[in-house]
Amino acid sequence: MIAPKSRVPAYTYPTTLAEQEAALATNPLMQRLLASRESYAGLRHRPAYHYVNPESTLNDPNGLCYWQGRWHLFYQAYPPEDDRQHWGHAVSDDLVHWRDLPYAIYPSPEDKCFSGSTLVEGDRVIAIYHGVGAGNMVATSSDPLLLNWAKVGNRAVIPMPDRDGPPAPYRVFDPCIWMKDGVYYSLSAGTKPEGPGGKPIRANFLFRSEDLEHWDYLHPFVEDDHYSMVGDDGACPYFWPIGDRHMLLFYSHTRGGQYLLGDYDTERDKFVVTHGAKYNFGPSGPSGLHAPSATPDGKGGLIVIFNMNPGKPTPRWNQIMTLPRRLTVDGDVVYVEPVETLTSLRQEEQVLGSLDLPANQEVVLDGTAGDSLELELEVEPSSAPMIELNVLRSPDREEFTRVAFYRDRGYRTNHFTQGIVGPLWTHLSQISIDTSYSSVAPDALSRAPENAQVLIAPDEPLRLRVFVDRSAVEVFANGRQALAVRVYPDREDSVGVSLRSQGAPSTVRSLKAWTLESLWD
């Protein structure tokens, strides 16, 4: 069955950059998207520098890639006249300043365009994604701004199994793609009933093709996965080299974003897992991290962007993208930092220098306030069992979002420690975002605190970069952990910042703050 054609206006664009720019300047759909984005100006909780869709809602990020000097981000979009998933599209020179482009991939013959990834290959970009009701689809584009897409065979290249036929040994769902020795490989997401008591566990099924149109099934791809759990599935997979290792990023509909780190056995076409961890430290919703989209950065690392779920009704728009993160590895240690180009958003700078924090007293930072901020601080906790940073704080603490650090209060472990504290048993520390008091609004949904483990050596200070963006807070700790949540302060005066050292005094070695540029005003 062929799904009805999309009701969203579709155009064929020229094939040179200058001609494409001229066509976009007068394109009715592009003008509509720009007008729609302008209509959202001034909304209290719509972020200033996180990417937000220009019209209607969005879901999973898809197909992040670098093509002809520009970064391209695709995502599940829901156009207002046809709310079936299309691939929305944005482009950036620096992963920070995004520019909207017209919808890229439209449904038909499939009913909806679900998640997938891209592969940059010579003179073209290949997108592979799940077409609802049909199977996994492939489309290609080769023009400068990736505006024109053609579907290979105009059909599902990995079709859904025949319901009336014998059971298939694989599932057909969210795919990713890469190339090895001139041959294309793809993973299809899903589960297999091989957990305790026949319960489902994560599975990613490997296919191979020489021409993108005809695919052969090989086998389940992942070996020695002791990190994902019963009930997880391997949705939205991205399999890429990172340093001298490989990483499989994916989304579990039960436990959120995760990764598996290991080695690619290219002779057997198997991924042998040596480590794994989560990106979510609580449920995806409300207000949590959702699915990843990742691509190599050309320097041995990966760039990854997630979408974030809402925690409060926001008329006409919904969900946002996280800030882009750069992942690198050293052995089994995974490092995560915000991309360097985020510093281009910095405007007014405030340097507070060192600061003594007395025990059990909240210190409000006079003159440091706002709902669009970056904070960078280094703290020597000394013997204090907890260091607390509050942002989006109202003067009398009716509302505040609490970031807390607990030295050596995490799990006891001897993992990750080589090269940081030596191959010894140690305790991890914990970093937390508590949104329990972030909003007094009755329709802002509550969420349990987000708690993540982070390894910090005994003589190592706490280093934080904290990004506040109206309804989003992201925290990066010592380059080894990151957390992100949505928050919805209701009071206009919830813009303050404070610090507290619980139990014993501590010292802030350095503290800087910047107001950040809005991408959309």
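Keep in mind that what you see is a predicted model, and the values were worked out from it rather than measured. Just the heavy atoms: all of them, side chains too, but no hydrogens, waters or symmetry mates, feed the values below.
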Donor on one side chain, acceptor on other, [X] and [Y], under 3.5 Å:
X	Y	result
Q258	Y279	no
T314	H45	no
N62	S293	no
T57	N59	no

[X]-[Y] aromatic ring centre distance below 6.0 Å:
X	Y	answer
Y238	Y259	no
W514	Y49	no
F271	Y264	no
Y170	F207	yes
H290	F306	no
Y185	F239	no

Flag yes if more than 12 heavy atoms outside [X] fall under 6.0 Å of its [atom1] atom; otherwise flag no.
X	atom1	value
E349	CD	yes
E210	CD	no
M160	CE	yes
K512	NZ	no
R208	CZ	no

- request: Check the pair R346, E376 against side chain to side chain contact (heavy atoms under 4.5 Å, CB included), reporting the backbone distance first and the verdict last.
  value: CA-CA 12 Å; R346 292 173 176 173; E376 185 177 87; 3.7 Å; yes

message: Just to verify, which of L392, V495, D490 counts as forming a side-chain contact (heavy atoms from CB on, under 4.5 Å) with E399?
response: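 Among L392, V495, D490, the one that satisfies the side-chain contact (heavy atoms from CB on, under 4.5 Å) with E399 is D490.
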
message: Given V391, which partner from the list L375, L373, D371 fulfils the side-chain contact (heavy atoms from CB on, under 4.5 Å) test?
response: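 Running side-chain contact (heavy atoms from CB on, under 4.5 Å) over L375, L373, D371 with V391 returns exactly one hit, L375.
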
Would you call [X] and [Y] a side-chain contact if the rule is heavy atoms closer than 4.5 Å?
X	Y	value
K312	S439	no
P237	D174	yes
Y13	P102	yes
E121	T140	no

query: Atom CG in L260, atom CG in L248: separation rounded to 0.5 Å?
result: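 Nearest 0.5 Å value for the CG-CG distance: 5.5 Å.
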
R447 and L445: CA distance, side-chain angles, deciding distance, side chain to side chain contact (heavy atoms under 4.5 Å, CB included) verdict: CA-CA 7 Å; R447 177 183 177 87; L445 300 179; over 6 Å; no

message: Going by ring pair (Phe, Tyr, Trp, His ring centres under 6.0 Å), W87 matches just one of Y75, Y129, Y103. Which one?
response: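 So, applying the ring pair (Phe, Tyr, Trp, His ring centres under 6.0 Å) to W87 and each of Y75, Y129, Y103, only Y129 qualifies.
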
query: Has R37 got its NZ or CZ under 6.0 Å from the middle of the six-membered ring of Y51, at an angle within 45 degrees of the ring axis?
result: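 Output yes; distance and angle both within limits.
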
